[in-house]
Amino acid sequence: MNFPPFKYTAAERFLHYVTIDTQSDPTSPTTPSTEKQKNLGKILVQELLDMGISDAHMDEHCYVYATLPSNSDKEVPVICFCSHMDTSPDCSGENVKPIVHKSYAGDKIVLPLDPAQVLTVADHPALADQIGNDIITASGDTLLGADNKAGLAEIMDAVYQLINHPEIKHGDIRILFTPDEEIGRGVDKVDMKKLGAKFGYTMDGETLGHVEDENFNAKSAVINITGVSAHPGFAKGKMENAIKIQQAILQALPIHTLSPETTDGKQPFIHPTAVKGNLENAELSFILRSFTREEMDRLEDILEAICVRVNKDFPNSKLEVIFKEQYRNMKEKLDEFPQVVDYAMEAVTRAGVTPIRTSIRGGTDGSRLSFMGLPCPNIFAGEHAFHSKQEWVSVQDMERAVDTIVHLAMIWEEKS
């Protein structure tokens, strides 16, 4: 079935959403971590209500739920489309001023509020595939927020298209917009019973055509160090400085392997993220990432072995390593339901794009949802250079993402 002519609304929605500051805060214990995320949640709910989605609402934790009812006579599995409302705390998201660069010609893009921020094909190879397309950037002093307001806009536009084209048959479609994904808490308080979906898709990927069915296993590690304090004038043979123990651990880490700056593809890493402390008590924080559980076990062994080795030089000190699971590789669950990814690949093809099955060197809400009973691969949203002032997205890529969502709704109905 061919689509009727669409009047896409994704870009205009997106240009509005990015002006609303929704940065999450990893230091906050609340959900949402920042109240300002609710400002966007309220707008999304109102837009859904205005479209005729009568059950659209935001709960006290800033999760937006809504249902597009089935228009099919068939019994179709309930599918969910999910995106997150927050933006990264790594770069300012306040007073975002988006710019649309029409008919990109391949030349450099200088962001006016900071001329040092220049987008080139050399630094952003994906721009080479955007000749003639319309590129949206921020103005140079903030991130753009395409991660993940592009996904929000695409889901909203797809709902709009399905409502306005009832000849496109589909089952019940659940919509889920989450807070705090960027700080690893995106699905902490999802009401899975209320959601009531069988399968899901996050719209939070990068390059056009990509369908991601695999992600890192992720753990955090904290090394607590208890040294031995003594007066520095009388410390010989007594003092064991916790700060120097920190230094020894960091120096013992692999230099040319197992770090983010030396790995790519499916290579794992151990990454120190924070240090704090004083002479007697210190702490080192790490994240560990791997695509297999066996590799994760190896990373844990490496870190523990370093601590044992360093402890020999500081025998009166105490080193304790605490590991905590953050998320797991969704492929473990998706392999049990191959049709979920197969249908996504088919939908991308029907949208006129070559599908590429790939993996994420990171995680999404979908990786955790998959282990909460909702198998949930990740589909391209078109976002690039996320978490930075050079973040950008293509209007045309967003439109192909809308097409993909609509085709997915159709495919699940057709194959039921």
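Only this structure's heavy atoms are used, side chains among them; waters, hydrogens and symmetry mates stay out. Fair warning: this is a prediction, and the values are worked out from it, not measured in the lab. Numbering starts at 1 and runs along the sequence shown.
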Novice: Can you measure from NE2 (H16) to CD1 (I43) and round to the nearest 0.5 angstrom?
Specialist: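 Output value for this atom pair is 4.0 Å.
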Novice: Any chance CD1 of I255 has more than 12 other-residue heavy atoms, nucleotides or ligands included, within less than 6.0 Å?
Specialist: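 No, not enclosed.
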Novice: Taking all non-hydrogen atoms of both residues, which atom of E182 and which atom of D147 are closest, and how far apart?
Specialist: OE2-OD2, 2.9 Å
Novice: Return the CG to CZ distance between L374 and F199, rounded to the nearest 0.5 Å.
Specialist: 9.0 Å
Novice: Less than 3.5 Å apart, any donor N or O on the side chain of H84 or D86 sitting next to an acceptor on the other?
Specialist: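 Per modelled atom types, H84 and D86 side chains form a pair under 3.5 Å.
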Novice: Quick one: do the D397 and Q130 side chains pair a donor with an acceptor below 3.5 Å?
Specialist: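 Checked: D397/Q130 side chains pair up, N/O donor to acceptor below 3.5 Å.
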Novice: Which value, rounded to the nearest 0.5 Å, describes the distance between E391 atom CD and I136 atom CD1?
Specialist: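 E391 atom CD to I136 atom CD1 measures 11.0 Å (nearest 0.5 Å).
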Novice: Using the benzene-type ring in the case of Trp, are the ring centres of F291 and F216 under 6.0 Å apart?
Specialist: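 Aromatic pair counts; centres sit under 6.0 Å.
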Novice: Do L303 and I223 come within less than 4.5 Å of each other through their side chains, counting heavy atoms only?
Specialist: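 L303 reaches I223 side chain to side chain.
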Novice: Can any side-chain N or O of D180 pair as donor or acceptor with the backbone N or O of G186 at less than 3.5 Å?
Specialist: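 Pair absent, no side-chain N/O of D180 close to backbone of G186.
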Novice: Quick one: does any side-chain atom of E181 pair with a main-chain N or O of S83 as donor and acceptor, under 3.5 Å?
Specialist: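 Here the side-chain-to-backbone pair does not exist.
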Novice: So, for N215 and G362, which heavy atoms are closest and what is the spacing to 0.1 Å?
Specialist: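 Residues N215 and G362, closest heavy atoms: CB-O, 3.2 Å.
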Novice: Nearest 0.5 Å, please: how far is CD in E304 from CG in L299?
Specialist: 11.5 Å
Novice: Under a 3.5 Å threshold, yes or no: a donor from one side chain and an acceptor from the other, between T178 and D365?
Specialist: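 T178 vs D365: donor-acceptor pair found between side chains.
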Novice: Counting only N and O atoms by type, is there a donor-acceptor contact under 3.5 Å from the side chain of S290 to the main-chain atoms of T292?
Specialist: yes
Novice: With salt bridge (charged side-chain N to carboxylate O under 4.0 Å, His left out) as the criterion, how do E47 and R13 come out once you've worked through the C-alpha distance, each side chain's angles and the decisive distance to 0.1 Å?
Specialist: CA-CA 10 Å; E47 289 185 3; R13 293 178 191 277; 3.0 Å; yes
Novice: So, are E294 and R298 salt-bridged, with charged N and O less than 4.0 Å apart?
Specialist: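 Salt bridge between E294 and R298, a charged N being under 4.0 Å from a carboxylate O: no.
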Novice: To the nearest 0.5 Å, how far apart are CD1 in I109 and CG in L111?
Specialist: 7.5 Å
Novice: Determine whether the aromatic ring centres of residues Y343 and F337 are separated by less than 6.0 angstrom.
Specialist: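 F337 vs Y343: aromatic centres not under 6.0 Å.
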Novice: Do side-chain atoms of S28 reach the backbone of S33 as a donor and acceptor pair under 3.5 angstrom?
Specialist: yes
Novice: With sequence neighbours excluded, what pairs up with T120 under the side chain to side chain donor-acceptor pair (under 3.5 Å) test?
Specialist: D123
Novice: Would you call I302 and L258 a side-chain contact if the rule is heavy atoms closer than 4.5 Å?
Specialist: yes
Novice: Are side-chain heavy atoms of R400 and F380 found at a separation under 4.5 Å?
Specialist: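 Counting from C-beta outward, R400 and F380 do come under 4.5 Å.
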Novice: How close do L284 and F286 get, heavy atom to heavy atom, and via which atoms?
Specialist: CB-CE1, 3.7 Å
Novice: Quick check: do L144 and K149 have side-chain heavy atoms less than 4.5 Å from each other?
Specialist: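 No - every pair of side-chain heavy atoms lies 4.5 Å or more apart.
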Novice: Using every non-hydrogen atom in the two residues, find where G145 and F14 come nearest and quote the distance to one decimal.
Specialist: O-CE1, 4.1 Å
Novice: Do you know the tightest heavy-atom contact between H170 and P69?
Specialist: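 So the minimum-distance heavy-atom pair works out to CE1-O, 3.0 Å.
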Novice: List the atom pairs, with distances to 0.1 Å, where a side-chain N or O of residues 188-197 and a protein N or O form a donor-acceptor pair under 3.5 Å, not counting sequence neighbours.
Specialist:
{"unit_1": "D188", "atom_1": "OD1", "unit_2": "R368", "atom_2": "NH1", "d": "2.7"}
{"unit_1": "D188", "atom_1": "OD1", "unit_2": "R368", "atom_2": "NH2", "d": "2.9"}
{"unit_1": "D191", "atom_1": "OD1", "unit_2": "K193", "atom_2": "N", "d": "3.2"}
{"unit_1": "D191", "atom_1": "OD1", "unit_2": "K194", "atom_2": "N", "d": "2.9"}
{"unit_1": "K194", "atom_1": "NZ", "unit_2": "H57", "atom_2": "NE2", "d": "3.1"}

Novice: Decide if atom NZ of K74 counts as having more than 12 heavy atoms of other residues, nucleotides or ligands within a radius under 6.0 Å.
Specialist: yes
Novice: Would you say D50 has more than 12 foreign heavy atoms packed within less than 6.0 Å of its CG?
Specialist: yes
Novice: Taking the side chain as everything from C-beta on, heavy atoms only, tell me whether F81 gets closer than 4.5 Å to V159.
Specialist: no
Novice: For residues V121 and A128, report the shortest heavy-atom separation together with the two atoms involved.
Specialist: CG1-CB, 3.9 Å
Novice: Using atom types as modelled and distance alone, determine if a side-chain donor or acceptor of S88 lies under 3.5 Å from a backbone N or O of D90.
Specialist: yes
Novice: Is there side-chain contact between F6 and D157, with heavy atoms separated by less than 4.5 Å?
Specialist: no
Novice: Taking the side chain as everything from C-beta on, heavy atoms only, tell me whether L288 gets closer than 4.5 Å to F323.
Specialist: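 Sidechains of F323 and L288: in contact.
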Novice: Answer whether the closest heavy-atom distance between the side chains of P77 and W412 falls below 4.5 Å.
Specialist: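 Sidechains of W412 and P77: in contact.
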Novice: Should N217 and E295 be marked as a side chain to side chain donor-acceptor pair (under 3.5 Å) after you check the CA-CA gap, both sets of side-chain angles, and the distance that decides it?
Specialist: CA-CA 9 Å; N217 292 292; E295 282 181 336; over 6 Å; no
Novice: For residues 92-99, please give each side-chain donor-acceptor pair under 3.5 Å, one per line with the distance, not counting sequence neighbours.
Specialist:
{"unit_1": "S92", "atom_1": "OG", "unit_2": "E94", "atom_2": "N", "d": "3.3"}
{"unit_1": "K97", "atom_1": "NZ", "unit_2": "N95", "atom_2": "O", "d": "3.1"}

Novice: Kindly compute the distance separating CG (L162) from CE (M51), expressed to the nearest 0.5 Å.
Specialist: 10.5 Å
Novice: Carefully, step by step, assess S24 and R185 under the rule side chain to side chain donor-acceptor pair (under 3.5 Å).
Specialist: CA-CA 10 Å; S24 46; R185 301 186 220 153; over 6 Å; no
Novice: Kindly indicate, with the supporting measurements, whether the criterion side chain to side chain donor-acceptor pair (under 3.5 Å) is fulfilled by S72 and S70.
Specialist: CA-CA 6 Å; S72 172; S70 172; 4.9 Å; no
Novice: Mark yes when over 12 heavy atoms from residues, nucleotides or ligands other than E75 sit less than 6.0 Å from its CD; otherwise mark no.
Specialist: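 No - once you tally the heavy atoms of other residues, nucleotides and ligands closer than 6.0 Å, there are 12 at most.
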